[in-house]
Amino acid sequence: MAEALAPAWGWRHSGAGRAAHVEAAPEFQATTSQVCGLYPFTAGSGTPTVGTPVGRHQLWGEVVCLDPLAWLREGLVTNPGMFVLGQPGTGKSTLVKRLVTGAVATGTTPIILGDSKPDYTMLVDYLGGQVIRVGRGLDRINPLDAGPLDKARLRLTGADAEALHWEVRSRRLSLLLALATLVREARITNAEEIVLGRAIDLLDDRLDHEPTVVDVLRILEQGPAELQSATRSDSGESYRAQTRDLVFTLDLLISGSLAGVFDSPTTRPLDLDAPAISVDISRVRAAGDKLLTAAMLCTWAYAFAMVDAATALADLGAAPRRSYLGVMDELWRALRGAPGLVEHADALTRLNRAKGMASIMITHSLADLDALATEEDRAKAKGFADRSAITVLAGLPPRELARVHEITPLTGPEQQLVTSWSAPDSWQPGARHPGRGKYLIKTGERLGIPVQLSLVGAEADLYDTDQAIRGTA
């Protein structure tokens, strides 16, 4: 007996699943010369399944995964740099917090390199990580502290030890120059750089501990013969005249607006065995941009030195090899303090791939970088975005996307999509911002991946950056 087949719309009785209406499929017409180019009617190429799940594809619902280091290992990108752009309130930090959580779950150590709001402290505490709170009366960072990098040098011999010695010296001098530039709001002269380098060398020979800015100032004021020789001075009076401005600049680092933060040994070293690390610099924010910039620069330099030390010890077989995820939020704050600071940040971050370290740089707009003092600084700052293999765009206005297009090619529909997330189309109170939790992930010339992130479990509280605002309502 033949099996009964249901009619196209189902049987006409209760519980039979009959459809009241079946909408006709959309029909498209074109010439044969156009339609043949669509055959064999391919669908999308799928989404990355390597890394931390960050949401679903907005068009076909597939899960999208993202992790700069995992993508690098699988050959999806050529470097582990990631640049995140978006208007305030669109969820940039929410996406990054999801990546931080995923990094901890997969054995990568996230390091928040200067949390100025703070956005990440609660999450790092929840994950069992280390939170260092920098500020007057709190934790302190010694800008000249090489940490385990100097100890790793003592384990080496020959050319390797010599190379690491110069690396430690270079890092100390570079950060000291950056801080002095920030305080002076102008570049340090070549002669002053020579004197500072010679002072660091003398302290390295004479001290049995990490030098501090106070030690550098003290030896400059003493003016030993080695420093007088470096300034080509034939008398103490001539030496003091040549180093007068430099002495006052260093004195400002320890007694001016930065006093009480960078003028003593490091009180809490970074614990690279912790599952996550956050350096909370929100307490110095009230003291002004100069102190905040100094705190960011010191945090970057100290953390990268720790990572370099861990890499060197791993090469010696004296420590396990680890991978790291460095988060640099509010990037523009650390770059606009004085001319030349961009060069310092560029030198710190350029070799992350060799260290097994991914970096995530976050800012509101490329226009933030245009506020830098010189054209040279602006060009180098744009290089941060250009050098990052992964660009993530949250809601942005058309004028901003035109600038992004110069660095990361965007199709017309991609620009329209991101623009549609930049502002709500209704004045109704309580309406959800159209760009909240929506991102376009771009890598090179590939078509972007539009993602919608949904929070689960405790994330709604841990990732919330608006608690203080709602608390005053």
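Counting begins at 1 with the first residue of the sequence.
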State, with a plain yes or no, whether a side-chain heavy atom of [X] is found less than 4.5 Å away from one of [Y].
{"X": "I219", "Y": "P211", "answer": "no"}
{"X": "S264", "Y": "V214", "answer": "no"}
{"X": "L440", "Y": "W421", "answer": "yes"}
{"X": "D204", "Y": "R172", "answer": "yes"}
{"X": "H209", "Y": "P265", "answer": "no"}
{"X": "R322", "Y": "V307", "answer": "no"}
{"X": "L410", "Y": "L393", "answer": "yes"}
{"X": "V77", "Y": "P68", "answer": "no"}

[X] (side chain) donor-acceptor with [Y] (main chain) under 3.5 angstrom:
{"X": "W300", "Y": "L113", "result": "yes"}
{"X": "T181", "Y": "L177", "result": "yes"}
{"X": "Q415", "Y": "L401", "result": "no"}
{"X": "S235", "Y": "S238", "result": "yes"}
{"X": "T266", "Y": "N142", "result": "yes"}
{"X": "D115", "Y": "Y120", "result": "yes"}
{"X": "T267", "Y": "R140", "result": "yes"}
{"X": "Q228", "Y": "G223", "result": "yes"}
{"X": "D461", "Y": "A458", "result": "no"}
{"X": "W71", "Y": "V50", "result": "yes"}

Which of these passes side chain to side chain contact (heavy atoms under 4.5 Å, CB included) with [X]: [options]?
{"X": "L66", "options": "T47, L76, I390", "answer": "I390"}
{"X": "K97", "options": "L462, D119, L455", "answer": "D119"}
{"X": "V327", "options": "I362, V84, I111", "answer": "I362"}

For the pair R98 and E459, find out whether any cationic side-chain nitrogen is under 4.0 Å from an anionic carboxylate oxygen. yes
I'd like to know if E193 pairs up with R187 as an ion pair, taking the criterion as any Lys NZ or Arg NE/NH1/NH2 lying under 4.0 Å from an Asp or Glu carboxylate oxygen. no
Minimal non-hydrogen separation, [X] against [Y], with atom names:
{"X": "P224", "Y": "R206", "value": "CB-NH2, 4.1 Å"}
{"X": "L85", "Y": "K92", "value": "C-CD, 3.8 Å"}
{"X": "L173", "Y": "G197", "value": "CD1-N, 3.8 Å"}
{"X": "P275", "Y": "V104", "value": "O-CG2, 3.5 Å"}
{"X": "L176", "Y": "L253", "value": "CD1-CD1, 4.4 Å"}
{"X": "G86", "Y": "A394", "value": "CA-CB, 3.9 Å"}

Do you see a donor-acceptor pair shorter than 3.5 Å between the side chains of [X] and [Y]?
{"X": "D280", "Y": "S282", "value": "yes"}
{"X": "T189", "Y": "E192", "value": "yes"}
{"X": "T311", "Y": "D308", "value": "no"}

Please evaluate residues I112 and D329 with respect to the criterion side-chain contact (heavy atoms from CB on, under 4.5 Å), reporting the C-alpha separation (whole Å), side-chain torsions for both, the decisive distance (0.1 Å), and the verdict. CA-CA 8 Å; I112 314 303; D329 206 344; over 6 Å; no
Going from [atom1] on [X] to [atom2] on [Y], what distance comes out if it is rounded to the nearest 0.5 angstrom?
{"X": "T408", "Y": "D386", "atom1": "OG1", "atom2": "CG", "answer": "7.5 Å"}
{"X": "I360", "Y": "L99", "atom1": "CD1", "atom2": "CG", "answer": "5.0 Å"}
{"X": "Q87", "Y": "H364", "atom1": "CD", "atom2": "NE2", "answer": "10.0 Å"}
{"X": "L270", "Y": "M306", "atom1": "CG", "atom2": "CE", "answer": "5.0 Å"}
{"X": "I281", "Y": "L138", "atom1": "CD1", "atom2": "CG", "answer": "12.5 Å"}
{"X": "L246", "Y": "E221", "atom1": "CG", "atom2": "CD", "answer": "10.5 Å"}

Could you check D201 against R169 for side-chain contact (heavy atoms from CB on, under 4.5 Å), going step by step and ending with a plain yes or no? CA-CA 8 Å; D201 292 337; R169 179 190 189 274; 2.6 Å; yes
Please determine which of T108, T106, T109 meets the side chain to side chain donor-acceptor pair (under 3.5 Å) test together with S323. T108
Run the side-chain donor-acceptor check on residues 126-133: report pairs under 3.5 Å with partners two or more places apart or on a different chain.
| residue | atom | partner | partner atom | Å |
| --- | --- | --- | --- | --- |
| Q130 | OE1 | D271 | N | 2.8 |
| Q130 | NE2 | P269 | O | 3.1 |

Using a 6.0 Å cut-off, check whether atom CZ of R198 has over 12 heavy atoms from anything other than its own residue.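 Not more than 12 within 6.0 Å, no.
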Assess whether atom CG of D205 is packed by more than 12 heavy atoms of other residues, nucleotides or ligands within 6.0 Å. yes
side-chain contact (heavy atoms from CB on, under 4.5 Å) between V54 and V64, worked out: CA-CA 6 Å; V54 293; V64 178; 4.3 Å; yes
What do the steps show when you test L250 against V183 for side-chain contact (heavy atoms from CB on, under 4.5 Å), and what is the final call? CA-CA 8 Å; L250 293 182; V183 169; over 6 Å; no
